[in-house]
Amino acid sequence: DTEVTQTPKHLVMGMTNKKSLKCEQHMGHRAMYWYKQKAKKPPELMFVYSYEKLSINESVPSRFSPECPNSSLLNLHLHALQPEDSALYLCASSQSGASYNEQFFGPGTRLTVL
Amino acid sequence: GENVEQHPSTLSVQEGDSAVIKCTYSDSASNYFPWYKQELGKRPQLIIDIRSNVGEKKDQRIAVTLNKTAKHFSLHITETQPEDSAVYFCAVTNAGGTSYGKLTFGQGTILTVHP
């Protein structure tokens, strides 16, 4: 399996809801990433997990809470989001946190916050 | 932090023409430069990359050149085809220290290839 998968594909939530995004890879990669992408903009890094430990948090608001239960799974828990958080959320993985390793992106979750 | 500028923001060419996209970066310690292609509604995909110890790399119709002294690198696509139409992002990272693969992306170039 050479793909990164993400569920759900689309998510609509209210500002008081709690929801979670899920990312999975079975390539044996030990680094996993969450990005946020607004329309016509580049991906913006949110979090990096390396060997299941949070290595980078790009000053993301606490209403976004990442979790890495094991080396194949990455979750992003959402709570009390704002309409401006509506975006495409991309997960990626790479062999390790070494920067020469290609990052493989998932198809993304299109999030709409009402 | 690292700053990456990408030009042009849009590029329109006729099928068969060449396309060139340029990026400049600010951190002289940066040493890995990937290019991603993102088709409409799809995920970004790596199309070519280059390390700082190499000046040029080719893969069929795609090439990347790097000028470390001037801190700029370019993507060259020859014999363009309509399926090359997409948004192209350059990216930069420093492989050393605690970067953990953190990529800084350029703002993107919308390439349109007209049949």
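Quick caveat, the model's predicted, so the values are computed rather than measured. We name chains A, B, ... by the order of the sequence lines, and we start the count at 1 in each one. Below, all heavy atoms of this structure are taken into account, side chains as well, without hydrogens, waters or symmetry copies.
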S.K.: Please list, in residue-number order, every residue in residues 104-114 of chain A that has a heavy atom less than 4.5 Å from any heavy atom of chain B; write 'none' if there are none.
M.R.: Phe105(A), Gly106(A), Pro107(A)
S.K.: Looking at Gln6(B), Arg51(B), Gln38(B), Gln45(B), which one has more heavy-atom pairs under 4.5 Å with chain A than the rest?
M.R.: Arg51(B)
S.K.: Give a yes or no on whether a salt bridge exists between Arg43(B) and Glu3(A), defined as a side-chain N under 4.0 angstrom from a carboxylate O.
M.R.: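 Yes, this pair counts.
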S.K.: Between the side chains of Lys102(B) and Glu2(B), is the shortest nitrogen-to-carboxylate-oxygen separation below 4.0 Å, so that they form an ion pair?
M.R.: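 Salt bridge: no.
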S.K.: Side chain, backbone, both or neither: which part of Gln103(A) has a heavy atom under 4.5 Å from chain B?
M.R.: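 For Gln103(A), the contact with chain B is made by backbone and side chain together.
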S.K.: Looking at Lys71(B) and Ser26(B), would you say the former's side chain and the latter's main chain have a donor-acceptor pair under 3.5 Å?
M.R.: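 Yes.
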S.K.: Look up atom CH2 in Trp35(B) and atom CG in Asp59(B), then write down how far apart they are to the nearest 0.5 Å.
M.R.: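 The CG atom of Asp59(B) is 15.0 Å from CH2 of Trp35(B), to the nearest 0.5 Å.
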S.K.: Charged N to carboxylate O below 4.0 Å: is that the case for Lys22(B) and Glu5(B)?
M.R.: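 So Lys22(B) does not pair with Glu5(B) through a salt bridge.
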S.K.: Mind telling me whether Tyr35(A) and Phe105(B) have parallel, tilted or perpendicular rings, with 30° and 60° as the class edges?
M.R.: perpendicular
S.K.: When you check the side-chain N and O atoms of His76(B) and Ser18(B), is any donor under 3.5 Å from an acceptor?
M.R.: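 No, Ser18(B) and His76(B) have no side-chain donor paired with an acceptor closer than 3.5 Å.
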S.K.: Specify which of Glu44(A), Lys40(A), Lys41(A) makes the most heavy-atom pairs with chain B at under 4.5 Å.
M.R.: Lys41(A)
S.K.: Do His29(A) and Ser94(A) have a side chain donor and acceptor closer than 3.5 Å?
M.R.: no
S.K.: Quick one: what part of Pro44(B) sits under 4.5 Å from any heavy atom of chain A, side chain, backbone, both or neither?
M.R.: both
